[in-house]
Amino acid sequence: MTEKRLHVRHEGGMRFVARTPEGHTAGMDSGDGGTAARPTELVLAGLAGCTGMDVASLMVKKRQDVREY
């Protein structure tokens, strides 16, 4: 298995920016700062994305025509 590393930079206050190995970024902030999503919101978004990708993959394998999810 390939090791992946995530870089997180502190930008002041409670704001942080994560950069993935592929170069994508995600900002994070507390509810008070309001400049980005809270870390817990990103965890929930990641879970929803993983679940959606699993369902979409299964529907393709079962040759189902999915129009909405």
Test item: V43 and L47 side chains (from C-beta on) under 4.5 Å apart, heavy atoms: no

Contact summary for M28 and A36, nearest pair of heavy atoms: N-CB, 3.6 Å

Close side-chain approach of E22 and K4, heavy atoms under 4.5 Å: yes

M14 CE to T35 OG1 distance, which is reported to the nearest 0.5 Å: 11.0 Å

pair H7-R5: side-chain heavy atoms closer than 4.5 Å: no

Shared hydrophobic cluster, L6 / F16 (ILVMFWY, side-chain heavy atoms < 4.5 Å): yes

Validation row: V8, V17 side chains within 4.5 angstrom (heavy atoms): no

Nearest non-hydrogen partners of L42 and A26, listed with the distance: CD1-CB, 4.4 Å

